[in-house]
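All chains are named by letter (A, B, ...) in the order of the sequence lines, taking the proteins before the strands, and each is independently numbered beginning at 1.
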Amino acid sequence: MQIIQSGEDILLRDVRNFDITQTLECGQCFHFVKLDTREYAVVAYQRLLHIKQTEQEVIFYHTTEQEYDQIWKSYFDLERDYEKIQQILLARDDRLQDAIGKMAGVRILQQDFFETLISFIISQNKQIPHIKQIVAAISKEYGTYLGEMNGQVFYAFPTVAQLSAVSEEQLRACKVGFRAPYIMDAVAKVAEGAISEQQLQTQSDEVCMQTLQQIKGVGSKVANCVALFGLAKRSAFPVDVWIKRIMETLYFDGNETNVSTIERFAKEHFGKLGGYAQQYLFYYGKTTGIGVKK
DNA sequence: CTCCAGGCAGTGT
DNA sequence: ACACTGCATGGA
């Protein structure tokens with residue numbers, strides 16, 4: 001991969017296994033707006049990014065090399081060898097052939113821990129467009145103004161300090177519904193240090209899951225999403241309704257299988273690469289509607 | 001109109 | 001251990 005400074009922009013050439021549309025639209029993040037084909041406004045780490053992918057290159061508009069190095073390189077996980085990850089997974093399991101073949105451009109984002117925690121608490125029992133609306137509303141009300149792009153105004157997701165000052169009623173005004181007390185509990189635990197990213201990073205996968213689930217509104221699925229997307233624990237394997245259907249179809253002969261059984265199977269079968277397998281399967285299954293009853 | 005969504009907590013066996 | 005239910009809100 002080549003990194004080129006071109007005027008005020010950063011250009012990447014010869015980037016393999018990266019597709020901006022697949023990476024953003026696969027359901028792992030909620031804070032972005034599509035501007036055009038393969039062109040997006042992305043909000044992360046208190047910054048607003050204008051990014052576009054063409055045949056030959058990825059363009060980070062108005063971005064310094066320092067900002068690329070410090071923020072976006074790791075956010076988009078561009079340093080990692082996904083060729084190798086895909087090869088290992090395929091050698092282990094040819095049932096992943098279609099999913100990896102079609103979704104080879106998905107990269108697992110390294111998102112901010114706190115934003116990921118709150119976002120996936122919101123995600124329960126909601127569709128992705130709704131989650132995006134709520135994240136945008138909370139950011140607009142309580143986050144820092146970042147600027148405008150194509151006539152749209154963008155705000156950062158609020159920091160722990162900013163959300164700490166928000167009441168349950170104010171959250172409800174952002175349409176979070178019954179999740180309001182869950183968010184209050186999560187913010188309180190992070191603010192007072194009962195839950196900290198550092199602590200979670202040092203814990204084993206099992207203990208990390210248990211710690212996260214001390215938060216009201218955080219169960220196995222949300223904890224796995226936070227671990228995978230917000231703590232870079234790539235062994236995490238979130239099992240939601242989609243993955244449940246897909247796994248039952250591909251690995252359990254179409255039989256009804258409970259979530260904990262699927263979790264155990266994934267841990268044993270995919271090991272450290274569970275998170276990658278999960279994303280390929282999730283996005284592929286959702287796109288093709290695999291196992292969905294009509 | 002009814003049904004359901006990247007689930008979870010609470011309650012009942 | 002497991003099954004069942006209510007939950008805010010908005011879109012199909």
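The P atoms of C/dG10 and B/dC8 are separated by 22 Å, rounded to the nearest whole Å. C/dA12 sits 12 Å from B/dG6 when the P atoms are compared, rounded to a whole Å.
Looking at residues two or more places apart in sequence or on another chain, you find a ring-ring contact (aromatic ring centres under 6.0 Å, His included) between A/Y40 and A/F32. Remark: A/Y155 engages A/Y145 in a ring-ring contact (aromatic ring centres under 6.0 Å, His included) (not counting sequence neighbours). Under the ring-ring contact (aromatic ring centres under 6.0 Å, His included) criterion, A/F114 pairs with no residue at all, not counting sequence neighbours. Under the side chain to side chain donor-acceptor pair (under 3.5 Å) criterion, A/Y276 pairs with A/R80, A/R234, sequence neighbours left out. A/R264 is linked by a salt bridge (charged side-chain N to carboxylate O under 4.0 Å, His left out) to nothing, counting only residues two or more places apart in sequence or in another chain.
The minimum heavy-atom distance between A/T23 and A/R107, with the atom names listed, is OG1-N, 3.2 Å. Between A/I128 and A/K286 the shortest heavy-atom distance is CD1-NZ, 3.2 Å.
A heavy-atom distance below 4.0 Å to DNA chain C is reached by none of the residues of residues 259-273 of chain A. Scanning residues 115-139 of chain A for heavy-atom distances under 4.0 Å to DNA chain C yields A/N125, A/K126, A/H130, A/Q133. Applying a 4.0 Å cut-off to non-hydrogen atoms, the residues of residues 162-181 of chain A that approach DNA chain C are A/K175, A/G177, A/F178, A/R179, listed by residue number.
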Distances under 3.5 Å only, N/O to N/O: pair up the protein atoms with those of nucleotides 4-6 of chain C.
none

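Note that NE2 of A/H31 is 3.5 Å distant from OG of A/S139, once rounded to the nearest 0.5 Å. For the atom pair OH of A/Y75 and CD of A/Q110, the computed distance is 10.5 Å after rounding to the nearest 0.5 Å. Here A/F154 contributes atom CZ and A/L146 contributes atom CG; the two are 9.5 Å apart, rounded to the nearest 0.5 Å.
Think of the region where chain A sits on DNA chain B: with heavy atoms and a 4.0 Å cut, that region ends 5' and 3' at B/dA5 to B/dG10.
A/N17 and A/E83 form a side-chain donor-acceptor contact under 3.5 Å, judged by distance and modelled atom types alone.
A salt bridge links A/E256 with A/K244: the closest approach of a Lys/Arg side-chain nitrogen to an acidic carboxylate oxygen falls below 4.0 angstrom. A salt bridge links A/R47 with A/E67: at least one charged nitrogen is closer than 4.0 Å to a carboxylate oxygen.
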Do any side-chain atoms of residues 265-273 of chain A form donor-acceptor pairs under 3.5 angstrom with protein atoms, and if so which ones, sequence neighbours left out?
residue	atom	partner	partner atom	Å
A/K267	NZ	A/E206	OE2	2.3
A/H269	NE2	A/D93	OD2	2.9

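Counting non-hydrogen atoms under 4.0 angstrom, A/Q279 reaches a base of the nucleic acid. Among the protein residues, A/G27 comes within range of the nucleic acid bases, having at least one heavy atom under 4.0 Å from a base atom. Heavy atoms of A/V218 sit under 4.0 angstrom from primed sugar atoms or phosphate atoms, though from no base atom.
Identified under the salt bridge (Lys or Arg N to Asp or Glu O under 4.0 Å) test for residues 176-192 of chain A, with sequence neighbours left out: A/D185-A/K189.
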